[in-house]
Number of protein chains: 2
Amino acid sequence: MDAIDRSLVALLQGNARLSYAELARQVGLSAPAVHERVGKLESSGVIRAYRAEVEPESIGLGVTALISIVEDSGGDTDDVLEAFRRMPEIESCYFMAGVESFLLKARVGTIAELEQLIVRLNRTPGVASTRTGIALSTKWENRPQTIEPPTA
Amino acid sequence: MDAIDRSLVALLQGNARLSYAELARQVGLSAPAVHERVGKLESSGVIRAYRAEVEPESIGLGVTALISIVEDSGGDTDDVLEAFRRMPEIESCYFMAGVESFLLKARVGTIAELEQLIVRLNRTPGVASTRTGIALSTKWENRPQTIEPPTA
DNA sequence: CACAGTCCGTGGACGCCATCGACCGGAGCC
DNA sequence: GGCTCCGGTCGATGGCGTCCACGGACTGTG
């Protein structure tokens with residue numbers, strides 16, 4: 001992970017569809033060299049995936065909610081996680097410090113669907129209680145951060 | 001936005017670097033047709049961007065926090081937002097229903113940096129108070145949802 | 001019914017790109 | 001010095017992106 005790798009990552013964070021030739025021009029290497037570097041970044045796990053970022057409303061997901069979960073003292077955390085994973089509405093899942101073990105970000109089409117999701121969550125074994133906040137609007141999301149050199 | 005557009009969006013959500021030729025094979029059209037459709041999806045705002053998804057730890061961002069903000073009754077919401085936008089650590093910003101007007105997702109390198117961020121937030125005009133939860137681990141994030149036909 | 005216009009696709013052409021293999025130069029190490 | 005390894009350049013070739021001309025289905029109109 002030298003300076004060139006960092007700029008490659010930054011460039012691909014900004015536009016994942018840049019060609020290797022274009023990346024090569026930007027960082028001042030040849031295309032095959034860039035190809036190999038990017039391949040290593042992928043296989044070492046630095047680059048996890050390339051995703052198109054889609055406007056949620058246009059695919060029928062107008063409602064965003066953030067749901068905190070308090071775990072049942074009896075339940076198994078892995079089972080709870082597995083249950084969450086099976087709910088496709090849950091886009092993100094964080095395991096949190098504090099009384100509320102999980103924070104979920106969910107997206108659904110309507111408030112009615114959100115209600116159904118919350119009911120399903122509360123019925124899930126291992127879930128003691130939920131607390132839901134509704135996002136009225138998403139100001140921005142997943143803004144890429146500028147990459148800093150390793151503690152330089 | 002017909003069925004073909006939906007599968008194009010789904011394919012690009014899964015892998016934004018698919019070639020037009022490959023997309024064309026998957027949806028059963030010619031490459032120029034796919035090129036035009038994707039172009040329209042981009043310019044109509046359905047596809048906002050193509051991003052490489054990067055493992056945060058590998059770029060020195062090991063600490064994830066979710067911060068709720070209570071707004072000062074005197075402050076202007078737009079000014080607060082503008083201040084948040086200038087803090088690159090804040091990856092996502094939701095405007096919420098409820099007492100806590102904003103929910104921020106922030107990523108920093110160390111707890112010390114998180115402390116500094118919270119101090120800066122509390123000093124921001126228009127911010128009455130903050131409440132911070134620390135994510136011990138990210139189970140998953142921004143999982144793409146399967147796209148449903150428009151209320152069919 | 002014929003007609004023109006529009007939309008959305010196909011097929012062909014051409015230049016650029018991805019990708020492979022051969023080669024090469026510097027660093028580290030006997 | 002001479003070996004090896006790593007990581008780069010260069011050159012070739014097949015596939016891809018992209019432009020353009022063309023064509024069929026649908027639609028509204030004289």
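Residue numbers start from 1 in every chain, and the chains themselves are labelled A, B, ... in the order their sequence lines are given, proteins ahead of strands. These figures come from a predicted structure and were not determined experimentally.
The aromatic rings of B:Phe95 and B:Phe102 are tilted relative to each other, their planes meeting at an angle between 30° and 60°.
Residue-level contact check: A:Arg25 touches the backbone only, with heavy atoms under 4.0 Å from sugar-phosphate atoms and none from bases. Residue contacts shown for B:Ser19 are limited to sugar-phosphate atoms, with no base heavy atom under 4.0 Å away.
Of the candidate nucleotides C:dC17, C:dT10, D:dT9, C:dC17 has the atom nearest to the side chain of A:Ala21.
Computed from coordinates, the A:Glu36 CD to C:dC17 P distance equals 20 Å when rounded to whole Å. A straight line from CD1 of A:Ile4 to C1' of D:dG8 spans 10 Å, rounded to a whole angstrom. Between the C1' atom of C:dC17 and the CG atom of A:Leu18 lies a distance of 14 Å, rounded to the nearest Å. Computed from coordinates, the B:Glu22 CD to C:dC17 C1' distance equals 17 Å when rounded to whole Å. Going from atom CG of A:Asp2 over to atom C1' of D:dC6 covers 13 Å, rounded to whole Å. Rounded to whole Å, the distance from NZ on A:Lys40 to P on C:dT19 is 16 Å. When the P atom of D:dG17 is taken as reference, atom OH of A:Tyr20 falls 13 Å away, rounded to whole Å. Summarising the geometry, the separation between CG on A:Leu29 and P on D:dC10 is reported as 11 Å, rounded to the nearest angstrom.
The 5' end of DNA chain D is approached more closely, in terms of each residue's nearest nucleotide, by A:Arg37 than by the other of B:Ala31 and A:Arg37.
Annotation: cation-pi pair B:Arg17/A:Tyr20 present, NZ/CZ under 6.0 Å from the ring centroid and within 45° of its normal.
For the residue pair B:Ser92/A:Glu141, the side-chain donor-acceptor check at 3.5 Å is not satisfied. With no hydrogens or angles considered, a side-chain donor-acceptor pair links B:Glu71 and B:Thr77 at under 3.5 Å. Using modelled atom types and a 3.5 Å distance limit, the side chains of A:Glu42 and A:Tyr50 yield a donor-acceptor pair.
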Strictly under 3.5 Å: I want the nitrogen or oxygen pairs between protein and nucleotides 21-25 of chain C, one per line.
none

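Contact check, B:His35 against D:dG17: no side-chain N or O comes under 4.0 Å of OP1 or OP2.
Here the shortest heavy-atom pairing between A:Val63 and A:Gly109 reads CG2-O, 3.6 Å.
Applying the ring-ring contact (aromatic ring centres under 6.0 Å, His included) definition to pairs two or more places apart or across chains, none involves residues 52-72 of chain A.
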